[in-house]
Each structure stands twice: as structure tokens, then as C-alpha cells.
Asker: 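Below is a structure I'd like to ask you about.
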Amino acid sequence: NAIRLAGDMSHMASFFVLLFKINKSKSVAGISLKTQELYVLVFCTRYVDIFWNHLSLYNSLMKVIFIALSVMIVYVMRRGVPQRSTYNPELDSFPHHWLVLPCVLLGVAINQDPTSPFEMAWAFSIYLEAVAIMPQLHMVQKHGEAENLTSHYIFLLGLYRVFYLVNWVYRYMTEDGYWQAIVWVSGAVQAVLYLDFFYNYVKSKQKD
Amino acid sequence: KNAAEKKDEL
């Protein structure tokens, strides 16, 4: 449906905005490497089914694109010259292990098929995605204010989540028996994390 | 719907 597509497009746009920013400004200052690495982990654990679930060409293609773009971003941040010298590890100080560990435990404990390692990995990726933006938000707070393109990037990620939430409501009403507790609860948590950012983003845009 | 069929989102 169109709402879901809008979500995917803003998600994809967020990658391109970030790649544009780090290529154009030659700097990754203010970007959390931890968040970007968590996204690589999210996509790699969620999309292992790319090898056997062929629901549509669109889905398979988007999975490849999401993995490739997230790996590319981490690559430029770690290896790019001069980008790698502009990274601020002292500001990227969020204790990310405390995000990953509970998500692993949750993924093992709460999933759609307790006998399947894939379902555990999949549930883990859903839980981790919900909180993966936290190191980035933490960095924005420590920095004081995010650069324009960085804030557009975060905004697009939050927007993607909002579109997906609306899409779930739509699907629940139009598709018989459509019901996804794990995804909905995690998605709602994820959206809530953006509230404070959204508020400041809109406020600063009004000021400009 | 089974678990695999439900995974039609990204």
C-alpha cells in the first residue's frame, strides 16, 4: 500500500541523505558510528531470509539495497579518507552493549517460533531496530545541536517509522487476520524515541 | 498466516 511505500521511501531517502552529507562535507562529525553499526547488525540478522523467502522482487531488492547502503555508510565512516579522521568517538559514548544484550535475550525469549534460530534472529533485529537510534540521539544531545543534514537524516528515519505505524493500522483494518504484536510494540517504542527530536526539529525549522 | 508469510515488510 501507498503508506508502506512512503515509509520505505523515506527510509531509503535517509540513507542517501546521510551518504550525501558525509561525501559532500567530507566529515562524519556528529554521526554516531555505533548507531550505523547497529543498523548493519539489524539488517543482516533480519534479512537472512533473502535466500529462501521470495515474496516479491521489490522486497528482495530493497533488502539488498538496505544492507548495501548501511554497510557503505559504516565503511566510509571507518575507512574513508578524510572522513575517518573526523569521527568523534568521545561524543559517541552511548553504552551500546546495553542495547544489544537485552535485545538478544528478548529475541531468544519472545519470537514467532521458539524452535527456529531464524525467528530468534528476526525478533532480535526488530527489537534492536527500535533502540538503534539511541546512540545517535545521545550524540545530538551531547553536541548541543545537529547539523542540518544530520537532523534531516534523523527526521527521515522517524518519518519512516510513523508511516509504518499508520500502515499497520491500515492493514489491521483492511486485511483479515493481520496481527503482528512483536512488530507493533517495537515500532511504537521506536516512534516514541523520536518524539523529543521531532519537537525540537519542527521548532528549529519554524525559527529558521 | 504463518510466520514467513507475515514477513512481507522491511
Side-chain angles (χ1 to χ4, degrees), chain A residues 1 3-5 7-12 15 42-43 46-50 52-56 58-67 70 111-116 118-123 125-126 129 160-161 163-165 167-168 170-171 175-184 186-187, chain B:
Chain A
N1 66 63
I3 313 157
R4 147 80 194 281
L5 186 65
D8 288 345
M9 289 306 115
S10 44
H11 198 178
M12 192 152 72
F15 289 109
V42 164
F43 296 132
R46 186 174 310 165
Y47 299 156
V48 278
D49 70 343
I50 200 168
W52 66 86
N53 274 343
H54 297 287
L55 290 152
S56 67
Y58 172 83
N59 259 34
S60 301
L61 199 63
M62 291 297 274
K63 286 173 180 178
V64 174
I65 292 173
F66 281 9
I67 292 173
S70 60
N111 54 62
Q112 292 175 344
D113 179 0
T115 62
S116 156
F118 164 68
E119 289 297 337
M120 291 179 189
W122 186 85
S125 84
I126 297 289
E129 187 191 349
Y160 137 68
R161 194 33 55 179
F163 277 130
Y164 258 70
L165 286 177
N167 151 66
W168 294 330
Y170 173 78
R171 291 189 71 172
E175 282 175 44
D176 197 31
Y178 186 77
W179 169 250
Q180 294 245 57
I182 290 174
V183 177
W184 292 353
S186 310
Chain B
K1 280 190 177 179
N2 69 38
E5 269 180 88
K6 280 177 156 186
K7 291 175 179 48
D8 61 351
E9 289 180 345
L10 298 163

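Chain A is the first sequence line, chain B the second, and so forth, proteins listed ahead of strands; every chain is numbered from 1.
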Asker: Between A/R4 and B/D8, is there a salt bridge with N-O shorter than 4.0 Å?
Answerer: no
Asker: Pick one of side chain, backbone, both or neither for A/N167, based on which atoms fall under 4.5 Å of a heavy atom in chain B.
Answerer: side chain
Asker: Of the backbone (N, CA, C, O) and the side chain (C-beta and beyond), which part of A/W122 lies under 4.5 Å from a heavy atom of chain B, both, or neither?
Answerer: side chain
Asker: Check each atom of A/N53 against the heavy atoms of chain B and say whether the ones under 4.5 Å are side chain, backbone, both or neither.
Answerer: side chain
Asker: So, does A/Y160 use its side chain to make a donor-acceptor pair with the main chain of A/M12 at under 3.5 Å?
Answerer: no
Asker: A/Y47 versus chain B, heavy atoms under 4.5 Å apart: side chain, backbone, both or neither?
Answerer: side chain
Asker: Give a yes or no on whether a salt bridge exists between A/E119 and B/K7, defined as a side-chain N under 4.0 angstrom from a carboxylate O.
Answerer: yes
Asker: Centre-to-centre under 6.0 Å for A/F66 and A/H11, is that the case here?
Answerer: yes
